[in-house]
Amino acid sequence: MVSRMGEPADQLPVGLEACRCLTPFGGAEATVAALLAGQRALQLTPVLGRDGGDLVPLALMGPMDETLPPRWLPAVHALAREIPAGTWGAAREPVVVTSSNFGVGSMYAFTRDRDARHLAHGTPCNTVELLRRELGWGAHVHVFSHACVTAHLGLAHAARLLHAGLADRVLVFSFDFVSPFVAGGFHSLKILNGGLPAPYAQRATGSIGLGDGAAFAVLSRGAGPFRLMGHALHNEMYHFTGNQPDGRGFAACLKSIAHVIGGRRVWIKGHGTGTLEAGRLEAEGFARQFPGEPLVSWKGSLGHTLGSCGLVELALAVAAWRGGEIPGTVGGLAPSFTDEVALAPFAAARFDGALLASNAFGGAHAAMFLTHD
Amino acid sequence: MTERFIHHVRVELPPATEAAAEARARLADKFPRTALRRMTHLGLLLGSTLDGVPLTPADAVVYASSYAETRALEDFLASFPAASPLLFQTSIHPGGVQQVLIGRQQPVARLWPLAGGARLVEQALLTALLEAAPCVALLGGEERGTWLLEQGYASERAFAFAALLTREPVGAVGRVTFTPVRDGADDPCPNLVRLAVALADRTALQWHGAGGEWSIVWS
């Protein structure tokens, strides 16, 4: 199942037939317009929703407290209406669902309300069963969950299925909605605090925000104006929540994706959550491997959409490129960790492609290369 | 047809009543003492199945678990409103395998954690066969829940398995094959515990799914 001698299938191109997202600002075009205007969706919100707690920056599509049916279902339906027609979930048109949260907010709701109906969509497989029923998908729904690089895995897996000849088209669907479970978790790690995120900024205290997000992509082997040319993945396994201090994990992933990019000019959408150490290592890694190429993060506005961030931000990259202007690092502050960090929007026309990267717990690194004809 | 050769199989199928503390005592010699006390039941079992197995940074890991870190999830939920940072990071899929690999300081090229349901085994095998790495560690497992089990949303038993898949036939103990077939209805897919038992007993498995015929056979 390797399409060319010695070249892994996930370094072969696939076409993006469709790629859309939903954020608190709305669809991809509305979100890009808000980013270009420097708007923040993040608002200071009690970390445990109706249970109170410290105020932390969250970008939500509605109240965070879980409901019956789950609060994310209407948004998922709204997004799903934009998916091109297909026999999704059939063996030749499989679905890949990627999330780090699935319905875990329903488990938190159960522990508060003791209403067992919440649990019917609390586990990943039960959440996906609900999606299958609601959206009419067949049995072939692959489910990946690898914290904040999950969507990258789904896209890379889809490319492999296509190049192995095992699928004609693949729908990659991702959604993550913030709950007290995950907000409380990041708050306990002290990186979700009262500060608004300023990605890649040199400052005394780092902070992240969390955000609701959902997105999908339909991939095929056919050519399209937008193509994913390849993926790189690397797992440091150095520490649960930290990276190798010399940045070698970032370097390993970027070196791999640099082979796919070749000498082409790229703009870079980094992970850029607003943490200090990882932000510095990431920005320095990009500057070493791709000197002079502009680096942006949009999580200072939208918050971190967790396992879905790779796909949400891919949809935004596509929409921004279509519009000709790439949003800068909303919420960023000078001085930044490197000169490459772009705080203001810039024109897309002079670039050959975009490098989109994400990171996760365990020192997981993921990157993909997007091009536009 | 695509095939991979099975070079190492180890399965942990302790009695359903085994508690994490019992597993910790039983498997203590396999882990550094500092790591041992923080490891979950699933992490301990996965670590045991990978004990002594050499992996390199060029290798890949495919990890399948429907419920993953059930006990950490239950305990993290119980820790509110003073949420526990340790339980939070441990509860996140793929925490079970990360406990093991971080304990070994073992980087890997790619880690594919799956969390599906009825066709999880088939999807994990497909992910492994699509992987270009010279050696793929196929891991899987669950741990027994408490209140989530009472509600029907957790595994009834803890178990774990590891199988190393390569393209090298010499010395292999078995073989996984997938033959694409355009037509044919899906058979029921073996579940994760069924695969674990088949790996332990060297039982052959065959079924149709994901657009092809699957077989696991033993030498």
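Throughout, a chain's letter reflects where its sequence line sits, starting with A, and its residues are numbered from 1.
Other residues, nucleotides and ligands place no more than 12 heavy atoms under 6.0 Å from the CD atom of B:Glu156. More than 12 heavy atoms of other residues, nucleotides or ligands shown are found within 6.0 angstrom of NZ on B:Lys30.
Only the side chain of B:Ser91 comes within less than 4.5 Å of a heavy atom of chain A; its backbone N, CA, C and O stay farther away. Only the side chain of A:Val104 comes within less than 4.5 Å of a heavy atom of chain B; its backbone N, CA, C and O stay farther away. Proximity to chain B involves both the backbone and the side chain of A:Leu119, based on heavy atoms less than 4.5 angstrom apart. Using a 4.5 Å cut-off between heavy atoms, A:Asn101 makes no contact with chain B at all. With a 4.5 angstrom heavy-atom cutoff, A:Phe110 touches chain B only via side-chain atoms. Using a 4.5 Å cut-off between heavy atoms, B:Phe76 touches chain A through its side chain atoms alone. Contact of B:Ala115 with chain A is made through backbone and side chain together, with heavy-atom distances under 4.5 Å. Looking at B:Leu148, the atoms closer than 4.5 Å to chain A (heavy atoms on both sides) all sit in the side chain, from C-beta outward.
With chain A as partner, the option from B:Pro57, B:Ala83, B:Gly117 having the largest number of non-hydrogen pairs under 4.5 angstrom is B:Ala83. No other option in A:His234, A:Arg112, A:His146 has as many heavy-atom pairs under 4.5 Å with chain B as A:His146. If you tally non-hydrogen atom pairs under 4.5 Å between each of A:Val47, A:Asp51, A:Leu48, A:Thr127 and chain B, the highest count goes to A:Leu48. For the set B:Ala64, B:Gly211, B:Pro94, the entry with the most heavy-atom pairs within less than 4.5 Å of chain A is B:Pro94. Per-residue heavy-atom pair counts under 4.5 Å with chain A were compared for B:Thr70, B:Thr90, B:Leu120, B:Leu73, and the maximum is reached by B:Leu73. With chain B as the partner, the residue from A:Ser145, A:Ala120, A:Pro124, A:Ala91 showing the most heavy-atom pairs under 4.5 Å is A:Ser145.
Ring orientation note: the planes of A:His118 and A:His121 are nearly perpendicular, at an angle over 60° on the 30°/60° scale. Below 30°, between 30° and 60°, or above 60°: for B:Trp214 and B:Phe178 the angle between ring planes is between 30° and 60°, a tilted geometry.
Side chains of B:Arg110 and B:Val136 form no contact here, defined as non-hydrogen atoms less than 4.5 Å apart. In this structure, the side chains of A:Phe250 and A:Asn359 come closer than 4.5 Å at one or more pairs of heavy atoms. In this structure, A:Val95 and A:His142 have side chains that are not in contact, with every pair of non-hydrogen atoms separated by 4.5 Å or more. Using a 4.5 Å cut-off on side-chain heavy atoms (C-beta onward), B:Leu36 and B:Leu44 make contact. Inter-residue side-chain proximity for A:Leu192 and A:Leu210 is flagged as met; some heavy-atom pair is nearer than 4.5 Å.
Taking the six-membered ring where the residue is Trp, the centroids of B:Tyr153 and B:Trp147 are separated by 6.0 Å or more.
At a heavy-atom separation below 4.5 angstrom, chain A is approached by B:Gln98, B:Gln99, B:Leu101, B:Ile102, B:Gln105, B:Gln106, B:Pro107 within residues 98-107 of chain B.
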Test log, rule side-chain contact (heavy atoms from CB on, under 4.5 Å), inputs B:Leu130 and A:Leu166:
CA-CA 10 Å; B:Leu130 288 169; A:Leu166 296 175; 4.2 Å; yes
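In this structure a side-chain-to-backbone donor-acceptor pair under 3.5 Å is missing from A:Asp176 to A:Ser99.
Between B:Asp29 and B:Arg24 there is no salt bridge, since no side-chain nitrogen of the basic residue lies less than 4.0 Å from a carboxylate oxygen of the acidic one.
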